[in-house]
Amino acid sequence: KEEKGKFVTNGNEKPQVVAQTVMLPLSKIETNHGQIEGLPKNPRVLRDAQVERLKKSILDNPEMLTLRELLVYPHDGKYVVIGGNMRLRVLQDLGEKTVPCKIIPEDTSVDNLRAYTIKDNTSGGEWDWDDLANGWDEEELEAFGLDLPDGWGEEEEEQDREGLEGDDRQKGREIPEVEAMLDEAM
C-alpha cells in the first residue's frame, strides 16, 4: 500500500524509498521570486559573511550536499528552490554545473510549499522582516516554528501619552504628576 507524503511503518516491512537524490543542472534551477501562485518570494536575506561560512562548510564537507540537498519544486519547465537558496548561491559561486536535489512532487499543495519554505529555514540565517510581513501570515509563521520579534503585528503605539510628546519627557520638561510627588516628599 503506497501513501504519498506519509510515513508508513510496520515492524515487518523493509524501509521504503520515498524520495531519492537526483542531480539537476544548475541552469534548470531558480530561486523562489514569487513565481508560484500562492507562494510568496523567498523571505531570506543572504549576508556575505553567512555565504562565505557556508562556502567553507561545503568545501570542507561536500558530501553534506547529498545529505542536505536542495528542495525543489517543478514549475514551468524549471525547478524552483523551496529550501536551500543559500546553498544554491554558494554552488553558483563555486561554478558547479549540477546540484543534488530532492524534487517535491507536483501535486504538493501550496500550503505545504509554504510550510516547507519556512520550516527548512528556521534554524539559521536572517529573515527579511519586510518580506515576511508583506507575504506571510503571523499565525502561519508561528505554527512553522518561527520566533517573531516582540511586538510583531501590533500597531505602533501613540507617541503622545498623557498629552506629552516622547521627546518632551527627555528634554526635562515638567510633568505635573512628578512635580506633585516631589513637592510632597520635601
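In this chain, residues are counted from 1 in sequence order.
In this structure, the side chains of L65 and R87 come closer than 4.5 Å at one or more pairs of heavy atoms. Under the 4.5 Å side-chain criterion, counting only non-hydrogen atoms from C-beta, R68 is in contact with D120. Residues I29 and K78 are not in side-chain contact: their nearest non-hydrogen atoms beyond the backbone lie 4.5 Å or more apart. Put simply, the side chain of L132 does not reach to within 4.5 Å of the side chain of P40, judged on heavy atoms. A heavy-atom distance below 4.5 Å is not found between the side chains of L71 and V81. Residues Y79 and I104 are not in side-chain contact: their nearest non-hydrogen atoms beyond the backbone lie 4.5 Å or more apart. Within the 4.5 Å cutoff, the side chain of L39 has heavy atoms near those of the I82 side chain. Annotation: side chain of P74 is in contact with side chain of I103 (closest heavy-atom distance under 4.5 Å).
Formation of a donor-acceptor pair under 3.5 Å by the R44 side chain with backbone atoms of D128 is not found in this model. R114 contributes no side-chain N or O that, together with a main-chain N or O of S109, makes up a donor-acceptor pair within less than 3.5 Å. Between the side chain of Y73 and the backbone N or O of E106, at least one donor-acceptor pair lies under 3.5 Å. Side-chain N or O atoms of K41 include none that pairs as donor or acceptor with a backbone N or O of T31 at under 3.5 Å. Counting only distance, with no hydrogens or angles, the side chain of N134 and the backbone of D130 share a donor-acceptor pair below 3.5 Å. A side-chain donor-acceptor contact under 3.5 Å links H75 to the backbone of Q35. Of the possible donor and acceptor atoms, none in the side chain of E52 sits under 3.5 Å from a partner among the backbone N and O of Q50.
In terms of heavy atoms, E96 sits closest to L26 at O-CD2, 3.1 Å. When every heavy atom of N42 is checked against every heavy atom of D131, the shortest pair comes out as O-OD2, 4.1 Å. Here the shortest heavy-atom pairing between M23 and T98 reads CE-OG1, 3.4 Å. The minimum heavy-atom distance linking V90 with K55 is given by the pair CG1-CA, 3.6 Å. Residues T117 and P43 come closest through the heavy atom pair CG2-CD, 4.2 Å.
For the atom pair W136 CH2 and W129 CH2, the distance stands at 13.0 Å (nearest 0.5 Å). Here L67 contributes atom CG and E69 contributes atom CD; the two are 7.0 Å apart, rounded to the nearest 0.5 Å. Between the NZ atom in K102 and the CG atom in L24 there is a gap of 12.0 Å [rounded to 0.5 Å]. Rounded to the nearest 0.5 Å, atoms CG (L54) and CD1 (I58) are 4.0 Å apart.
By the criterion of side-chain heavy atoms lying less than 4.5 angstrom apart, applied directly or through intervening Ile, Leu, Val, Met, Phe, Trp or Tyr residues, L94 is grouped together with M86 in one hydrophobic cluster. Under the 4.5 Å side-chain heavy-atom criterion for ILVMFWY residues, a single connected hydrophobic cluster contains both V99 and L59. Under a hydrophobic clustering in which Ile, Leu, Val, Met, Phe, Trp and Tyr are joined whenever their side-chain heavy atoms come within less than 4.5 Å, directly or via other members, V22 and L91 fall into the same cluster.
The number of heavy atoms from other shown groups lying within 6.0 Å of CD (E63) is above 12.
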